[in-house]
Novice: 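I'd like to ask you about the structure that follows.
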Amino acid sequence: MIELRKDPITARWVIINDSRDFQFDLAENTDDNSVCPFCIGKENLIPEPIACYDQKGNRIDKYSSKWQVKVIPNNKPILTIEGSILRKAEGIYDKMKGVGAHEILIESQNHRVDAIKTENFVASILAAQDRINDLKNDLRFEYILVFKNHGKSAGSTIAHPHFQLVALPIIPKSVKEEMTISKKYYDFKERCLFCDIIDQEITFGTRIVMETSSFVAFVPFASRYPFETWILPKEHSEDFRNLKDKYKLEELAEISISVLRRLKKALGDMPYNLVVHSYPLKQERIPHYHWYIEIIPKITKFSGFEFGSGIYVNPTIPEESAKFLREAE
């Protein structure tokens, strides 16, 4: 059974999926490329490709052996592509069919995570944008999330470098909250909240990890997690898909890879989640939202306090975390 159920108290949607035990039937050692389904020669272990892309992010024949990025459906999806949403009530509760899409973007033919280069990252970005543009034509979908899990405790079951993409029939509550708060700020000050944050962080400098001409990486003022890092474009843009310029794509790749390398040097090969925050598919162009990438090292665990209060406890000082990462070149 796969369906979405809405909590009437918090207005939070939850996916109920009793088949979601793990993604692939693999041996425990997921870092062993002899059993890795994403490695060359193991094509019989994965579903048929959806699309393949070359080094420049252009689509090529999906059966080509010269791919830079290969997109496949997840064979243990969070949501399933078949069927209608069929939203209905069950007493006072709301629910709908677990309709969506769940795809995997294999970043490279190389199994080694630390071998990812700028061109790999750029090709992955362009492939993700292309898949979003394709999936947004399905009117059942409201939001598409692009993310990466690295390490077991971050939810990864396969070490081979890959992104994931999930198309949802609803807009997540966290996205709605961000849009509501940034809209109130814009209505009051006639400026983008995210743009103001970028200007202040650059001016103060104490939480900056690094910056390029087009992007800035910093540890947020009220970080929830140790060494949590955000990467934002300096120029206002609400949609991740707007990023098309070759040089800016390379800048984003370089700053993202650099932040991950700094985190690895500072913390070792820690598990982490990388999430792309962008605006919903069916929204008009909006001046108050700003896309960004969030990188969250999985160092601490939640306790009853966090679950009970909704308040995070961060045992590190954001300014010191940023300084540590600046120096970890």
Side-chain angles (χ1 to χ4, degrees), residues 49-62 64 66-71 101 103-108 116-138 141-148 161-168 175 178-179 182 192 194-195 197-199 202 210-217 229-260 274-295:
I50 295 170
C52 285
Y53 301 84
D54 64 16
Q55 195 167 2
K56 295 182 179 179
N58 300 314
R59 274 208 194 204
I60 58 175
D61 184 90
K62 66 180 184 179
S64 172
K66 298 180 180 180
W67 56 271
Q68 180 73 59
V69 178
K70 178 185 286 188
V71 182
E103 301 178 358
I104 293 173
L105 287 71
I106 305 171
E107 295 177 67
S108 170
I116 291 298
K117 299 178 181 178
T118 299
E119 54 265 30
N120 297 93
F121 204 95
V122 169
S124 296
I125 293 168
L126 292 171
Q129 291 175 340
D130 184 64
R131 292 305 305 142
I132 293 171
N133 286 329
D134 189 19
L135 288 165
K136 77 180 179 64
N137 295 319
D138 191 322
F141 302 151
E142 298 284 345
Y143 189 81
I144 296 179
L145 182 67
V146 179
F147 62 97
K148 177 200 278 279
H162 64 283
F163 281 90
Q164 297 187 59
L165 179 154
V166 175
L168 296 160
V175 176
E178 282 188 344
M179 293 180 67
S182 59
C192 168
F194 294 88
C195 290
I197 289 173
I198 291 168
D199 289 342
I202 290 174
M210 63 177 295
E211 64 177 301
T212 66
S213 59
S214 302
F215 295 91
V216 59
T229 305
W230 290 14
I231 301 171
L232 286 86
K234 292 179 180 178
E235 183 179 351
H236 180 80
S237 174
E238 74 277 9
D239 192 347
F240 163 70
R241 290 173 296 159
N242 292 338
L243 184 62
K244 297 295 184 185
D245 181 88
K246 174 179 181 292
Y247 299 104
K248 289 183 179 179
L249 282 165
E250 290 177 350
E251 273 190 57
L252 177 61
E254 288 165 1
I255 195 171
S256 300
I257 291 170
S258 179
V259 168
L260 291 172
L274 183 153
V275 180
V276 179
H277 294 253
S278 193
Y279 88 129
L281 297 176
K282 298 176 184 177
Q283 297 286 325
E284 298 294 329
R285 294 182 66 85
I286 49 179
H288 58 272
Y289 193 70
H290 199 116
W291 74 266
Y292 66 99
I293 290 175
E294 182 179 32
I295 300 174

Novice: Can you tell me how far the CZ atom of Phe163 sits from the CZ atom of Phe147, to the nearest 0.5 Å?
Specialist: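 Output value for this atom pair is 11.0 Å.
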Novice: Kindly compute the distance separating CD1 (Ile144) from CG (Leu168), expressed to the nearest 0.5 Å.
Specialist: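 Answer rounded to 0.5 Å: 8.5 Å.
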Novice: So which atom in Ala101 and which in Leu135 form the shortest heavy-atom distance, rounded to 0.1 Å?
Specialist: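 Answer, listing the atom of Ala101 first, then Leu135: CB-CD2, 4.0 Å.
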Novice: About how many Å separate CG of Leu165 and OG of Ser124, when rounded to the nearest 0.5 Å?
Specialist: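 Answer rounded to 0.5 Å: 12.0 Å.
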Novice: Do His288 and Ser182 have side-chain heavy atoms sitting under 4.5 Å apart?
Specialist: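 Yes, at least one pair of side-chain atoms sits under 4.5 Å.
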Novice: For the backbone of Phe240 and the side chain of Ser278, can you confirm whether one donor and one acceptor N or O come within less than 3.5 Å of each other?
Specialist: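 Flag set: sc Ser278 to bb Phe240 pair under 3.5 Å.
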Novice: Going from CD on Glu119 to CG on Asp54, what distance comes out if it is rounded to the nearest 0.5 angstrom?
Specialist: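 Going from CD on Glu119 over to CG on Asp54, the span is 12.0 Å.
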Novice: Asn120 side chain to Lys117 main-chain N or O, any donor-acceptor pair under 3.5 Å?
Specialist: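 Judged by distance alone, yes, a pair lies under 3.5 Å.
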Novice: Look only at the side chain of His277 and the backbone of Glu294, and say whether a donor-acceptor pair between them is shorter than 3.5 Å.
Specialist: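 Looks like no, no N/O pair under 3.5 Å.
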Novice: Can you name the closest pair of heavy atoms from Lys62 and Ala51 and give their distance?
Specialist: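 Taking every non-hydrogen atom into account, CB-CA, 4.2 Å.
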Novice: Does Arg241 come within less than 4.0 Å of Asp239, counting only side-chain N to carboxylate O?
Specialist: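 Yes.
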Novice: Between Val146 and Leu105, is there a side-chain heavy-atom distance shorter than 4.5 Å?
Specialist: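 Contact flag for Leu105/Val146 side chains = no.
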Novice: Do the non-hydrogen side-chain atoms of Trp291 and Asn242 ever get within less than 4.5 Å of each other?
Specialist: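 No, side chains not in contact.
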Novice: Is the closest side-chain heavy-atom distance between Lys248 and Pro233 below 4.5 Å?
Specialist: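 SC-SC contact between Lys248 and Pro233 ruled out.
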Novice: Looking at Asp130, is its backbone amide N or carbonyl O close enough to the side chain of Asp134 to form a donor-acceptor pair, meaning the two atoms are under 3.5 Å apart?
Specialist: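 Absent.
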Novice: Contact between Ile197 and His290 at the side-chain level, heavy atoms closer than 4.5 Å - yes or no?
Specialist: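 They are not in side-chain contact.
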Novice: Take Val259 and Ile293 through the side-chain contact (heavy atoms from CB on, under 4.5 Å) test and state the conclusion after the steps.
Specialist: CA-CA 11 Å; Val259 168; Ile293 290 175; over 6 Å; no
Novice: Work out which heavy atom in Phe121 is nearest to a heavy atom in Ser256; give both atom names and the distance.
Specialist: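 Here Phe121 and Ser256 meet closest at CZ-CB, 3.6 Å.
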Novice: With the side chain counted from C-beta on, respond yes when Val122 and Glu250 share a heavy-atom pair under 4.5 Å apart, and no when they do not.
Specialist: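 Yes, side chains in contact.
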Novice: Can you tell me how far apart OH (Tyr279) and OH (Tyr289) are? Round to the nearest 0.5 Å.
Specialist: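 Between atom OH of Tyr279 and atom OH of Tyr289 there are 11.5 Å.
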Novice: Do the side chains of His236 and Phe194 get nearer than 4.5 Å, heavy atoms only?
Specialist: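 They are not in contact (no side-chain heavy atoms under 4.5 Å apart), so the answer is no.
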Novice: Locate the shortest heavy-atom distance separating Tyr143 from Val276; write the atom from each residue and the value.
Specialist: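 So the two residues come closest at OH-O, 4.3 Å.
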Novice: Quick one: CG on Asp138 to NZ on Lys136, what's the gap to the nearest 0.5 Å?
Specialist: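 The CG atom of Asp138 sits 11.5 Å away from the NZ atom of Lys136.
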Novice: Would you check if the side chain of Glu107 reaches a backbone N or O of His162 as a donor-acceptor pair within less than 3.5 Å?
Specialist: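 Flag set: sc Glu107 to bb His162 pair under 3.5 Å.
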Novice: Treating Glu251 as the side-chain partner and Ser214 as the backbone partner, does any N or O pair qualify as donor plus acceptor under 3.5 Å?
Specialist: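 Flag set: sc Glu251 to bb Ser214 pair under 3.5 Å.
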Novice: For residues Ala217 and Ile231, report the shortest heavy-atom separation together with the two atoms involved.
Specialist: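 Where Ala217 meets Ile231 most closely, the heavy atoms are CB-CG1, 3.9 Å.
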Novice: Which atom pair, heavy atoms only, marks the closest approach of Leu126 to Lys56?
Specialist: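 So the minimum-distance heavy-atom pair works out to CD1-O, 3.1 Å.
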Novice: Kindly say whether Leu243 contributes a backbone atom to a donor-acceptor pair with the side chain of Gln129 at under 3.5 angstrom?
Specialist: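 Looks like yes, one N/O pair under 3.5 Å.
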Novice: Any donor-acceptor pair under 3.5 Å linking the side chain of Lys234 with the backbone of Thr212?
Specialist: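 Yes.
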